[in-house]
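Every number for a ligand or one of its atoms is a count from 1 in the order of the listing.
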Amino acid sequence: MKKAIKVAVTGAAGNIGYSMVFRIAKGDLFGADQPVELNLIDIAPAMDKLEGVKMELDDCAFPLLEKIVCTSDLAEGFKDVNWAILVGSMPRKAGMERSDLLKINGGIFTGQGKAIEQYAAKDVRIFVVGNPCNTNCWIAKQSAPSIPADRWFAMTMLDQHRATYQLANKTGVLSRDVKNVVIWGNHSSTQYPDAYNATINGKPAVEVVNDKDWLENDFIPTVQKRGAAVIAARGASSAASAANAAIDTVYALSTPTPKGEWFSVGVCSNGEYGTPKGIITSLPVRTEDGKTWHVVEGLDINEFSRAKIDATNKELLDESNSAKEILGL
Ligand SMILES: NC(=O)C1=CN([C@@H]2O[C@H](COP(=O)(O)OP(=O)(O)OC[C@H]3O[C@@H](n4cnc5c(N)ncnc54)[C@H](O)[C@@H]3O)[C@@H](O)[C@H]2O)C=CC1
Ligand SMILES: O=C([O-])CC(=O)C(=O)O
């Protein structure tokens with residue numbers, strides 16, 4: 001048997017955590033021959049609930065699961081972990097200002113960044129799901145300066161999946177026939193789901209859809225507002241689909257990407273496609289060997305796309321500047 005990969009999940013007693021940890025234990029992140037250890041982290045008042053999650057994990061008798069730690073202590077939770085999946089955060093409540101949210105989450109992600117830097121394994125990779133995920137990732141990264149910039153990720157795979165399904169549904173094909181939709185920018189309502197670089201059964205998606213008005217005025221807002229639509233329908237935010245997208249992201253970053261394809265994930269910008277250096281922004285990415293990734297360069301950016309990409313990246317720059325000011329980073 002290989003040596004176990006150690007995965008920490010924060011917010012593990014929450015809804016996304018409950019949909020995610022069983023799949024990690026089953027082997028969905030790294031394959032059916034790769035053992036895992038799970039460090040489940042939540043706040044102290046959630047420890048009883050977390051213990052219940054552990055009981056259910058025990059009751060699955062997963063062959064690949066070698067150890068479970070349940071804790072609210074960050075030193076214990078991030079000790080020697082190879083992956084830190086940061087799900088727990090404070091969602092915005094009615095009447096709350098964005099600056100209030102930044103203050104609370106800033107405190108959470110500053111503390112977690114510091115603890116990861118101090119206690120995690122030398123090869124740790126950090127993947128942020130908790131919202132606002134791009135800026136939370138940026139905040140944690142500021143607090144862990146010794147961890148290289150290419151180890152930090154924020155989730156936009158759920159947006160990519162949503163966009164893929166919308167294109168498939170519109171054109172009467174299956175989701176698997178749609179490739180290379182790119183999500184640019186922030187996981188927020190300014191994100192830009194780009195169909196111009198996508199294909200449907202190998203043909204340009206724009207030609208197959210053949211409806212510019214739908215692409216620009218229906219498809220884009222549907223994807224941008226899908227999170228809110230799920231909340232309105234379910235009375236709670238997306239959980240199973242978010243967990244699925246989180247699993248797919250870590251898998252995609254750990255496995256060679258199929259030839260000619262790419263996927264979307266928030267990464268630290270190096271100025272690619274004119275994005276502001278240093279922010280965590282969603283870009284098209286490939287993984288070649290299951291360990292190193294790179295941004296796919298040379299995609300076609302038309303005038304319409306340029307304006308949308310610039311707008312969402314401006315929002316990210318504003319968010320990181322506010323975080324800098326509020327948190328004194
Ligand atoms: N990036 C994306 O595409 C998506 C992100 N999300 C975000 O994921 C986050 C989690 O969502 P749910 O699981 O549905 O929420 P939830 O409220 O069910 O669970 C959150 C869990 O985090 C815990 N928590 C709070 N503060 C913590 C801290 N400082 N350390 C550790 N744990 C802490 C809570 O006790 C709770 O168990 C939210 O911020 C949500 O907005 C949700 C869907 C998609
Ligand atoms: O909108 C929300 O609060 C949850 C979320 O990020 C999503 O479903 O995309």
Side-chain angles (χ1 to χ4, degrees), residues 8-21 39-54 69-78 84-94 96 98 101-116 127-140 143 153-163 165 183 185-191 193 222-250 264-266 280-282:
V9 179
T10 70
N15 286 311
I16 295 176
Y18 192 67
S19 286
M20 181 159 65
V21 296
N39 281 16
L40 307 181
I41 304 172
D42 211 298
I43 51 176
M47 282 304 113
D48 285 347
K49 193 170 173 197
L50 195 57
E51 201 48 47
V53 176
K54 179 185 180 301
V69 170
C70 294
T71 186
S72 58
D73 174 45
L74 297 183
E76 185 186 16
F78 290 124
I85 305 180
L86 309 184
V87 180
S89 75
M90 163 71 83
R92 181 136 71 132
K93 304 211 170 99
M96 222 174 166
R98 208 172 171 81
L101 189 67
L102 263 176
K103 238 181 241 160
I104 296 168
N105 282 321
I108 295 174
F109 285 86
T110 300
Q112 292 183 354
K114 283 186 181 147
I116 291 168
F127 174 44
V128 182
V129 174
N131 280 323
C133 62
N134 301 57
T135 297
N136 286 341
C137 183
W138 182 87
I139 291 168
S143 312
F153 307 97
M155 184 158 99
T156 53
M157 182 68 86
L158 178 55
D159 309 297
Q160 178 187 313
H161 287 342
R162 288 167 171 166
Y165 171 76
I183 304 297
N186 201 359
H187 172 69
S188 76
S189 58
T190 68
Q191 66 173 274
T222 298
V223 177
Q224 289 171 329
K225 294 182 200 152
R226 186 68 162 184
V230 170
I231 292 173
R234 226 172 72 83
S237 67
S238 311
S241 58
N244 177 64
I247 298 274
D248 284 355
T249 307
V250 176
S264 299
V265 61
I280 303 290
T281 186
S282 184

Stepwise side-chain contact (heavy atoms from CB on, under 4.5 Å) test for Ser264 and Asp159: CA-CA 9 Å; Ser264 299; Asp159 309 297; over 6 Å; no

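With a heavy-atom cut-off of 4.0 Å, Lys225 does not touch ligand 2 at all. For Gln112, every heavy-atom contact with ligand 1 shorter than 4.0 Å involves the side chain, none the backbone. The proximity of Asn131 to ligand 2, defined as any non-hydrogen pair under 4.0 Å, is limited to the side chain. Neither the backbone nor the side chain of Ala239 has any atom closer than 4.0 Å to an atom of ligand 1 (non-hydrogen atoms only).
Considering only residues two or more places apart in sequence or on other chains, Arg226 meets the salt bridge (charged side-chain N to carboxylate O under 4.0 Å, His left out) condition with none of them.
Less than 4.0 angstrom separates some heavy atom of Cys133 from each of these atoms of ligand 1: 1 (N). Proximity to Gly227 (heavy-atom distance under 4.0 Å) selects the following atoms of ligand 2: 1 (O), 7 (C), 8 (O), 9 (O). Within the listing of ligand 2, atoms 8 (O) sit less than 4.0 angstrom from a heavy atom of Ser238. Which parts of ligand 1 touch Ile108 is read off a 4.0 Å heavy-atom cut-off, strictly below it: atoms 29 (N). Set against the non-hydrogen atoms of Met155, the atoms of ligand 1 under 4.0 Å away are 1 (N), 2 (C), 3 (O). The contact set between ligand 1 and Val87, taken as ligand atoms under 4.0 Å from a residue heavy atom, comprises 8 (O), 9 (C), 10 (C).
When side chains are defined from C-beta on, Leu86 counts as touching Phe109, because their heavy atoms get closer than 4.5 Å. Two residues are said to be in side-chain contact when any heavy atoms from C-beta on lie closer than 4.5 Å; Thr156 and Gln191 fail this criterion.
The closest approach between a heavy atom of Ser238 and any atom of ligand 1 is below 4.0 Å. A heavy-atom separation below 4.0 Å is not found between Arg226 and ligand 2.
Of the polar atoms of Asn15, at least one N or O is found under 3.5 Å from an N or O of ligand 1, judged by distance alone. Residue contacts with ligand 1: Ile41 is placed with no nitrogen or oxygen under 3.5 Å of a nitrogen or oxygen of the ligand (distance criterion only). In terms of polar-atom proximity, defined here as any N/O pair under 3.5 Å, Ser237 makes no such contact with ligand 2. Checked against a 3.5 angstrom limit, the closest N/O atoms of Asp42 and ligand 1 fall inside it. The shortest N or O to N or O distance between Gly14 and ligand 1 is under 3.5 Å.
The shortest contact between atom 9 (O) of ligand 2 and any protein heavy atom is with Arg162 NH1, 2.9 Å. Among all protein heavy atoms, the one lying closest to atom 2 (C) of ligand 2 is Ile231 CD1, 3.9 Å.
When Ala12, Ser89, Gly11, Ser72 are ranked by how near their heavy atoms come to atom 25 (C) of ligand 1, first place goes to Ser89.
Nearest heavy-atom pair, Leu50 versus Thr71, reported as atom, atom and distance to 0.1 Å: CD2-N, 4.1 Å.
Judged by distance alone, the side chain of Ser282 and the main-chain N or O of Asn186 form no donor-acceptor pair under 3.5 Å.
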